[in-house]
Amino acid sequence: MVHSFSNRVEDIIKSIPEGKVATYGQIAACAGVPRGARGVAWILHSCSENDRLPWHRVVNRKGGISLPHHQGYELQMALLKKEGVRFGESGYIDLDHYGWDPDESRSESQ
DNA sequence: TTACTGACCTTTT
DNA sequence: AAAAAGGCCAGTA
């Protein structure tokens, strides 16, 4: 169990640049499982103990924080705000602008 | 080994 | 277009 899916997801999350956010499906797909979004969520639970993992950069498909209040919602929001991410009035992030694109990041255009 | 959970996503109505 | 239901994967008990 040295090269499990979880390890792969962790690596991807670590690859997420600051000021950007990635969705579970995106990470799962990058890990090799397009429908493994749930698995990613579970892994985050396991890795939430590791402060080295920018789990706060992981958001749901709606660009919002899935964590309920009193659980890390405000924490993730605060961390994202510190990164420079702006939240909408409804509390949703513009994935169209803050969504992390591996292809774009790979080219390091910006 | 089977069953259940979990911070989800996709598709259909 | 929005809402609802189902399905998917990984991990632990």
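Per chain, numbering begins at 1; letters A, B, ... match sequence-line order.
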Whole-Å distance, I43(A) CD1 to dC8(B) P, equals 14 Å

From CH2 of W42(A) over to P of dT12(C), roughly how many Å is that when rounded to an integer? 7 Å

Please report the distance, rounded to the nearest Å, between CD in E10(A) and P in dA10(C). 15 Å

Check whether any side-chain heavy atom of H56(A) sits under 4.5 Å from a side-chain heavy atom of L75(A), and report yes or no. no

Which of the following nucleotides, dG11(C), dC9(B), dA7(B), is nearest to the side chain of S4(A)? dG11(C)

To the nearest angstrom, how far is R38(A) atom CZ from dC4(B) atom P? 14 Å

Return the nucleotide paired to dA1(C): Watson-Crick means purine N1 to pyrimidine N3 with N6-O4 or O6-N4, wobble means G-U with N1-O2 and O6-N3, both under 3.5 Å. none

Which sits closer to the 5' end of DNA chain B, K62(A) or V40(A), going by the nucleotide each is nearest to? V40(A)

Measure the shortest side-chain to side-chain distance between E18(A) and R57(A) over non-hydrogen atoms and say whether it is less than 4.5 angstrom. yes

Compare all side-chain heavy atoms of W100(A) with those of I13(A) and state whether any distance is below 4.5 angstrom. no

If you apply the rule side-chain contact (heavy atoms from CB on, under 4.5 Å), what do you find for Y24(A) with R38(A), and how did you get there? CA-CA 8 Å; Y24(A) 296 89; R38(A) 305 194 80 177; over 6 Å; no

Taking the side chain of A37(A) as its heavy atoms from C-beta onward, which of dA10(C), dC8(B), dA7(B) lies nearest to it? dC8(B)

Does some side-chain heavy atom of V59(A) sit less than 4.5 Å from a side-chain heavy atom of L95(A)? yes

Can you pull out the residues from residues 22-35 of chain A that lie within a 4.0 Å heavy-atom distance of DNA chain C? V33(A), R35(A)

Between S66(A) and dC8(B), is there a contact of a side-chain N or O with OP1 or OP2 at under 4.0 Å? yes

Euclidean distance, atom CH2 of residue W55(A) to atom P of dA7(B) [Å, nearest integer]: 13 Å

Nearest-angstrom distance from the residue atom CZ of R8(A) to P of dC9(C): 17 Å

Any side-chain N or O of H45(A) less than 4.0 Å from the OP1 or OP2 oxygen of dA7(B)? yes

Within the structure provided, determine whether I65(A) and N60(A) are in side-chain contact (heavy-atom separation under 4.5 Å). no

From dA7(B), dG6(B), dG11(C), pick the nucleotide closest to the side chain of L67(A)? dA7(B)

Any side-chain heavy atom of K20(A) sitting closer than 4.5 Å to one from Y98(A)? no

Round to the nearest Å and state the distance from N7(A) atom CG to dA10(C) atom P. 14 Å

Nearest-Å distance, CZ (R61(A)) to C1' (dA7(B))? 16 Å

May I ask you to say what G36(A) touches in the nucleic acid, namely base, sugar-phosphate or nothing, with a heavy-atom cut-off under 4.0 Å? sugar-phosphate

